[in-house]
Number of protein chains: 2
Amino acid sequence: MTHDTPRPRRARKLPTTEELRIWRDFIETSEGLRSQLTARLQSESSLSSGDYAVLLALSEAEGHRMRSSDLAAHIDWERSRLSHHLGRMERRDLIRREECAADSRGADIVLTATGLQSFRQATVPHLSAVRELFVAALTPEQLTAAGDIAAALRAHLGSAGRQRGAGARAKGI
Amino acid sequence: MTHDTPRPRRARKLPTTEELRIWRDFIETSEGLRSQLTARLQSESSLSSGDYAVLLALSEAEGHRMRSSDLAAHIDWERSRLSHHLGRMERRDLIRREECAADSRGADIVLTATGLQSFRQATVPHLSAVRELFVAALTPEQLTAAGDIAAALRAHLGSAGRQRGAGARAKGI
DNA sequence: AGCTACTAATTGACATGTCAATCAGCCGCG
DNA sequence: CGCGGCTGATTGACATGTCAATTAGTAGCT
């Protein structure tokens, strides 16, 4: 008459077919959106969404310059990712690295004239693409709902997630 | 007192600040979700979401085998992407390539025993993660709304997008 | 000063994606 | 047949990401 763990009585509950369908629709659609936006940005301005995020942050920063760490925190990237990306952007003359006066370990990332110009040319087409592909596709109610859903998911991610490495990523698209 | 093109009256309409905020929330949150799911999958089964998509398709295929092209179409990947990925999966003994009897240009991709086992071990934890991070975060109304929003965006993408290369990508997460 | 611990940033190795080029085998048609 | 064009798949070059070192400089403590 033992009664220890007779049935698995699993803690894990699985989604229904319908829930799974919605999940797939949701995630695939947001992927599709992202890839469309990225492709347009690329073709209209030769910038990747990563480039855009970096340039946006720098263009808003005082003196068009920012410490590498601060930049990474601002756009929520890992530092090594940023470092690699800055290397590529520096080769294209979009940004420049300068020594940091305050802390000689640090690097100041500076927006170049070329970088600023590229960003300025990119921004209007990009924003209008956001409007066309996202905002215009939804009714006002749906748009509001999308905001609520994002907030709910994020709140949940913040509490339930976080256990495994990754947090919210990929700001600035 | 001239009145010629005093205002640009641009064809492009831009999103409002609020619309842009929702957009960013939406896209960043779905990125965060994706990265969480990917990280969990990785840590619980050493599979990437790409691996999972491929294994899922093969596990449902007749004879656990599929022509490379069909597989690519099924999961909506570019062929070269699939080819590279299959190379990596083959090295890990998750799949095997065999000559295709019908068309000797073709390749049959076959699920190995190892691959099937990995997939089977991954599926319950993965689905329960979907439930935990997505389904459980939303009210039933929000879940429905999420489905509607995805459908609306997808329909719009299908008509307005498509002009530039990329379509809906990244199935099977 | 000297030691230790912490922080900033980069680097290297490798996984993953895209695009263009290539290579081989199929097929229709003179 | 045989040739020109299409299709299936792979490849190479390179962009992008992640993770684990590594390098260099700062700071606190004795």
Side-chain angles (χ1 to χ4, degrees), chain A residues 31-32 34-36 38-43 46-54 66-73 75-92 94-95 97-109 164-167 169-173, chain B residues 31-32 34-36 38-43 46-54 66-73 75-92 94-95 97-109 164-167 169-173:
Chain A
E31 277 300 305
R34 197 169 53 74
S35 91
Q36 268 288 321
T38 297
R40 293 208 183 188
L41 193 56
Q42 186 69 241
S43 77
S46 302
L47 295 177
S48 69
S49 59
D51 299 333
Y52 190 86
V54 169
M66 203 183 281
R67 283 288 295 275
S68 180
S69 278
D70 296 340
L71 179 52
I75 61 181
D76 197 15
W77 280 15
E78 287 193 13
R79 297 217 270 148
S80 82
R81 175 183 176 186
L82 180 60
S83 206
H84 285 301
H85 204 95
L86 289 178
R88 293 186 294 263
M89 292 180 74
E90 193 169 29
R91 282 206 301 278
R92 293 191 291 148
L94 296 171
I95 57 102
R97 293 187 227 233
E98 287 184 5
E99 269 186 27
C100 176
D103 183 339
S104 59
R105 287 168 301 184
D108 267 5
I109 312 303
R164 283 283 144 206
R169 257 81 175 279
K171 213 159 204 163
I173 292 188
Chain B
E31 277 301 305
R34 197 168 54 75
S35 92
Q36 268 288 321
T38 297
R40 292 208 186 187
L41 194 57
Q42 186 69 242
S43 78
S46 302
L47 295 178
S48 69
S49 58
D51 299 335
Y52 189 85
V54 169
M66 203 183 282
R67 284 287 297 274
S68 181
S69 279
D70 296 341
L71 179 53
I75 61 181
D76 196 15
W77 280 15
E78 287 194 13
R79 296 213 284 162
S80 80
R81 174 182 176 186
L82 181 59
S83 204
H84 284 302
H85 204 95
L86 290 178
R88 292 185 294 263
M89 292 180 74
E90 193 168 30
R91 282 206 301 278
R92 293 192 289 149
L94 296 171
I95 58 102
R97 292 186 227 232
E98 286 184 8
E99 267 185 29
C100 176
D103 183 337
S104 59
R105 285 169 302 183
D108 267 5
I109 311 303
R164 282 284 142 204
R169 257 77 174 281
K171 213 159 204 160
I173 292 187

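Note that this is a predicted model, so its numbers are computed, not measured. Numbered from 1 within each chain, the chains take letters A, B, ... in sequence-line order.
- Between the P atom of D:dG8 and the CD atom of B:Glu99 lies a distance of 17 Å, rounded to the nearest Å.
- Taking side-chain N and O atoms only, A:Ser80 has no distance below 4.0 Å to OP1 or OP2 of C:dT11.
- Between A:Arg79 and C:dT10 there is no side-chain N or O to OP1 or OP2 distance below 4.0 Å.
- For the atom pair A:Ser48 OG and A:His85 NE2, the distance stands at 4.0 Å (nearest 0.5 Å).
- For B:Ser48 and C:dT16, the shortest distance from a side-chain N or O to OP1 or OP2 is below 4.0 Å.
- Rounded to the nearest 0.5 angstrom, A:Leu82 CG and A:Asp76 CG are separated by 11.5 Å.
- Residue contacts for B:Arg97: at a heavy-atom cut-off of 4.0 Å it reaches the sugar-phosphate backbone alone, with no base atom in range.
- Atom NE2 of A:His85 and atom P of D:dT18 are 12 Å apart (whole Å).
- In this structure, the CG atom of B:Leu82 is 13 Å from the P atom of D:dT11, given to the nearest Å.
- One can place CD of B:Glu98 at 14 Å from P of D:dA9, the figure rounded to the nearest angstrom.
- The line from CG of A:Asp51 to CG of A:Leu86 is 10.0 Å long, rounded to the nearest 0.5 Å.
- If you check every strand for non-hydrogen atoms under 4.0 Å, B:Ser68 touches sugar and phosphate atoms only.
- Taking atom CD of A:Gln42 as the reference point, atom C1' of D:dA15 lies 9 Å away to the nearest angstrom.
- Not a single donor-acceptor pair, N or O on each side, falls under 3.5 Å between the base of D:dT26 and the side chain of A:Arg105.
- Contacts of A:Ser83 with the nucleic acid, taken as non-hydrogen atoms under 4.0 Å apart, include base atoms.
- How far CD1 of B:Ile109 is from CG of B:Leu94: 12.5 Å, rounded to the nearest 0.5 Å.
- Residue B:Leu41 contributes atom CG, which lies 11 Å from atom P of C:dT16 at whole-angstrom precision.
- Heavy-atom distances to DNA chain D give each of B:Ile109 and A:Arg88 a nearest nucleotide, and the one nearer the 5′ end belongs to B:Ile109.
- Residue-level contact check: B:Arg67 touches the backbone only, with heavy atoms under 4.0 Å from sugar-phosphate atoms and none from bases.
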Step-by-step side chain to side chain donor-acceptor pair (under 3.5 Å) determination, A:Arg79 to A:Ser68: CA-CA 8 Å; A:Arg79 297 217 270 148; A:Ser68 180; over 6 Å; no

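- Note: CZ (B:Arg81) to C1' (D:dA9) measures 17 Å, nearest angstrom.
- The nucleotide whose nearest atom lies closest to any side-chain atom of A:Asp103 is, among D:dT11, D:dG25, D:dA9, D:dG25.
- Heavy-atom distances to DNA chain C give each of A:Ala107 and A:His84 a nearest nucleotide, and the one nearer the 5′ end belongs to A:Ala107.
- Rounded to whole angstrom, the span from the CD atom of A:Glu78 across to the P atom of C:dA9 amounts to 15 Å.
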